[in-house]
Undergrad: 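Mind having a look at this structure? Questions to follow.
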Amino acid sequence: MRKIVMHRTGGPEVLEMAEAPQPQPGPGEVVVQAEAIGVGWPDILIRRGSYKWMPPLPTSPGSDLAGRVVALGTGVDPAMLGRSVLLTARELKVRGGCYAEQVAVPAEALFMLPEGVDLDAAVCLPNYQVAWNLLHVAPRGQAVRSLFINGVAGGVGSALAQLAKAVGITVFGSVSSPEKAAFAKSLGVDHVIDYRREDVPARVLALTAGEGVDLAVDHVGGAGFTQLLGLLGNWGLLVSYNASGGMPPENLLQALRDHGTKCLAIRIFEMHLYDHDREGRRHIMQQVIDALAAGSIAPVVAARLPFAAAAEAHAMVEEGNACGKVLLKPGLDRLWAAA
């Protein structure tokens, strides 16, 4: 059995292919054969060594895996054998561990998937779990009729756009290239803005006749963060769910006071809010599983790479070159080897 391991932190080159013993399920555990493994920013932060919830080294990165149950430990319902399942490291005691052809995990950590659900689509659902919170929980009951997504072509951004359009919200989104603009349009985004060529807040205000939007979400932070306050309407909310560009250098209270007549607010969101709320996080995941089964969302896969190309997959995500989710597919290695 193969897995991707890292003995030190650093660039993509620290990811190594290794042979590992076949996992054996303990009491209450199952073994899952991976068919699709998601590649995302938590994996990159683990690889860099900057993840706040860093697992001990050596480790295998990877937070999301979809596959089938191939072995059962004692005490596990026999009906689970052969079932399609989704695993997210949010359900495990230690983050990471999903860059493996097989994993042994507690049966209660898995999400059962309806038969016939595409596993490549299912492994994208942890992004929708975050997006669901941004749209339906973070506003805390405030009505959202219009939404701005900074980086709408990314994994969470594209998920959020689909969820918002499913409930009739007008969506504005920023992109960095014509290719990403076309991708955003394919998702149903109403207004796509190229942030490299346009003044984003000014463009949003022009498109809304000066009213601004109800909700804006951002994963970048950095020097451009407080500028996003300028595209909000009265009682508008700006939600930060990551800060890949670092912390804003400006005084946030001063920035809010500069827009004082609009009574704006900033909220931070992290999925780690649910680290001690198993029922809450599983309930939200079930919402997006149901949405996938019903066809109201359609996760987009940007690239399917063989398992051995983990370093390439990290580079794609890190450089922002992907529209949608990047997947590792262990089966591709086997097919190529057979050919």
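What's counted below: heavy atoms across the whole structure, side chains too, no hydrogens, waters or symmetry copies.
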Undergrad: Does R2 qualify as a cation-pi partner of F307, given the criterion of NZ or CZ under 6.0 Å from the six-membered ring centre and within 45 degrees of its axis?
TA: no

Undergrad: Would you check if V103 and P23 make a side-chain contact, meaning some heavy-atom pair closer than 4.5 Å?
TA: no

Undergrad: Looking at D190 and K165, is any side-chain nitrogen of the basic one under 4.0 Å from a carboxylate oxygen of the acidic one?
TA: yes

Undergrad: Just how far is it from atom CZ of R196 to atom OG of S174, taken to the nearest 0.5 Å?
TA: 11.0 Å

Undergrad: Does atom CD of E279 have more than 12 heavy-atom neighbours, drawn from other residues, nucleotides or ligands, at distances under 6.0 Å?
TA: no

Undergrad: May I have the step-by-step check of side-chain contact (heavy atoms from CB on, under 4.5 Å) for I284 and Y274, ending in yes or no?
TA: CA-CA 10 Å; I284 291 170; Y274 292 99; 3.2 Å; yes

Undergrad: Is the shortest side-chain heavy-atom distance between T9 and V14 below 4.5 Å?
TA: no

Undergrad: Within the 3.5 Å criterion, strictly below it, is a donor on D194 or S176 matched to an acceptor on the partner's side chain?
TA: no

Undergrad: How about NE2 on H276, more than 12 heavy atoms from neighbouring residues, nucleotides or ligands closer than 6.0 Å, or not?
TA: no

Undergrad: Hydrophobic cluster membership, with links at side-chain heavy-atom distances under 4.5 Å among I/L/V/M/F/W/Y: are V144 and W235 in one?
TA: no

Undergrad: Spell out, as yes or no, whether a donor-acceptor pair under 3.5 Å connects the side chain of S60 to the backbone of I4.
TA: yes

Undergrad: With rounding to the nearest 0.5 angstrom, report the CG to CG distance, L119 to L65.
TA: 9.5 Å

Undergrad: Could you pull out all donor-acceptor pairs under 3.5 Å where a side-chain atom in residues 260-270 meets a protein atom, sequence neighbours excluded?
TA:
| unit_1 | atom_1 | unit_2 | atom_2 | d |
| --- | --- | --- | --- | --- |
| K262 | NZ | L232 | O | 2.8 |
| R267 | NH1 | A138 | O | 2.6 |

Undergrad: Fit a plane to each ring of H314 and Y99, take the angle between them on a 0 to 90° scale, and name the class: parallel (under 30°), tilted (30 to 60°) or perpendicular (over 60°).
TA: perpendicular

Undergrad: Any salt bridge between E318 and R48, counting N to O under 4.0 Å?
TA: yes

Undergrad: Is there a side-chain contact between V213 and L147, using heavy atoms and a 4.5 Å cut-off?
TA: no

Undergrad: Is there side-chain contact between E115 and R83, with heavy atoms separated by less than 4.5 Å?
TA: yes

Undergrad: So which atom in A36 and which in V123 form the shortest heavy-atom distance, rounded to 0.1 Å?
TA: O-CG2, 3.5 Å

Undergrad: Which heavy-atom pair separates A223 from P249 by the least distance, and what is that distance?
TA: CA-CD, 3.6 Å

Undergrad: Just so I know, are the side chains of Q254 and T226 near enough to count as touching, which here means a heavy-atom distance under 4.5 Å?
TA: no

Undergrad: How about Q33 and E101: does a side-chain donor come under 3.5 Å of a side-chain acceptor?
TA: no

Undergrad: For A107 versus V30, what's the shortest heavy-atom pair and its separation?
TA: CB-CG1, 3.9 Å

Undergrad: Could you go step by step and tell me if V85 and L113 meet the side-chain contact (heavy atoms from CB on, under 4.5 Å) rule?
TA: CA-CA 5 Å; V85 294; L113 297 172; 5.5 Å; no

Undergrad: Between V175 and Y195, does a side-chain contact (heavy atoms from CB on, under 4.5 Å) hold up when you go through it step by step?
TA: CA-CA 6 Å; V175 296; Y195 69 81; 5.7 Å; no

Undergrad: Taking the side chain as every heavy atom from C-beta outward, state whether V217 and L160 have any pair of such atoms under 4.5 Å apart.
TA: yes

Undergrad: For E211, give me all partners under side chain to side chain donor-acceptor pair (under 3.5 Å), at least two apart in sequence or on another chain.
TA: none

Undergrad: Look only at the side chain of D290 and the backbone of Q287, and say whether a donor-acceptor pair between them is shorter than 3.5 Å.
TA: no

Undergrad: Are Y128 and Q162 close enough that a side-chain donor and a side-chain acceptor fall under 3.5 Å?
TA: yes

Undergrad: Say you draw a straight line from CD1 of I297 to SG of C124; how long is it, rounded to the nearest 0.5 Å?
TA: 9.0 Å

Undergrad: Kindly give the heavy-atom pair with the smallest separation between V76 and L72, and that separation in Å.
TA: CG1-CD2, 3.9 Å

Undergrad: Could you tell me the separation between the CG atom of L207 and the OG atom of S146, rounded to the nearest 0.5 Å?
TA: 11.5 Å

Undergrad: Answer yes when D120 and K329 have at least one side-chain N-carboxylate O distance shorter than 4.0 Å, and no when they do not.
TA: yes

Undergrad: F172, L228: one ILVMFWY side-chain cluster at the under-4.5 Å cut-off?
TA: yes

Undergrad: Given the rule in the side-chain contact (heavy atoms from CB on, under 4.5 Å) test, do T170 and R145 qualify, once you have shown the distances and angles that lead to the verdict?
TA: CA-CA 6 Å; T170 301; R145 300 156 300 172; over 6 Å; no

Undergrad: Checking T59 now: which residues fulfil side chain to side chain contact (heavy atoms under 4.5 Å, CB included) with it, not counting sequence neighbours?
TA: M6, I46, P55, L57

Undergrad: Roughly how far, to the nearest 0.5 Å, is the CG atom of L135 from the CG atom of L215?
TA: 7.0 Å

Undergrad: Compute whether any side-chain donor of one residue and acceptor of the other, for H272 and R95, lie under 3.5 angstrom apart.
TA: yes

Undergrad: Assess the side chains of D218 and S240: does a donor N or O sit below 3.5 Å from an acceptor N or O?
TA: no

Undergrad: Counting N and O atoms only, with roles assigned by atom type, does the side chain of S296 sit under 3.5 Å from a partner on the main chain of A291, one being a donor and the other an acceptor?
TA: yes

Undergrad: Has R278 got more than 12 heavy atoms of other residues, nucleotides or ligands less than 6.0 Å from its CZ?
TA: yes

Undergrad: Answer yes if F225 and L134 sit in the same cluster of Ile, Leu, Val, Met, Phe, Trp and Tyr residues linked by side chain heavy atoms under 4.5 Å apart, and no otherwise.
TA: no

Undergrad: Could you grab the distance from atom CE of M285 to atom CZ of R90, nearest 0.5 Å is fine?
TA: 6.0 Å

Undergrad: Is it the case that one hydrophobic cluster holds both V130 and I149, taking links as side-chain heavy atoms less than 4.5 Å apart, direct or via other members?
TA: yes

Undergrad: Between D275 and W53, what is the shortest heavy-atom contact and its length?
TA: OD2-NE1, 4.0 Å

Undergrad: Is it true that the side chains of Q129 and N133 contain a donor and an acceptor less than 3.5 Å apart?
TA: no

Undergrad: Do you know which two heavy atoms are closest between P201 and L231, and how far apart they sit?
TA: CA-CB, 3.9 Å

Undergrad: Is the shortest side-chain N to carboxylate O distance from K3 to E19 below 4.0 Å?
TA: no

Undergrad: Please examine the side chains of V31 and V69, heavy atoms only from C-beta on, and report whether any two atoms are closer than 4.5 Å.
TA: no

Undergrad: Does the side chain of V301 come within less than 4.5 Å of V326's, by heavy atoms?
TA: no

Undergrad: Are I37 and V300 connected into the same hydrophobic cluster when the rule is that any two of I, L, V, M, F, W, Y join if their side-chain heavy atoms are below 4.5 Å apart?
TA: no

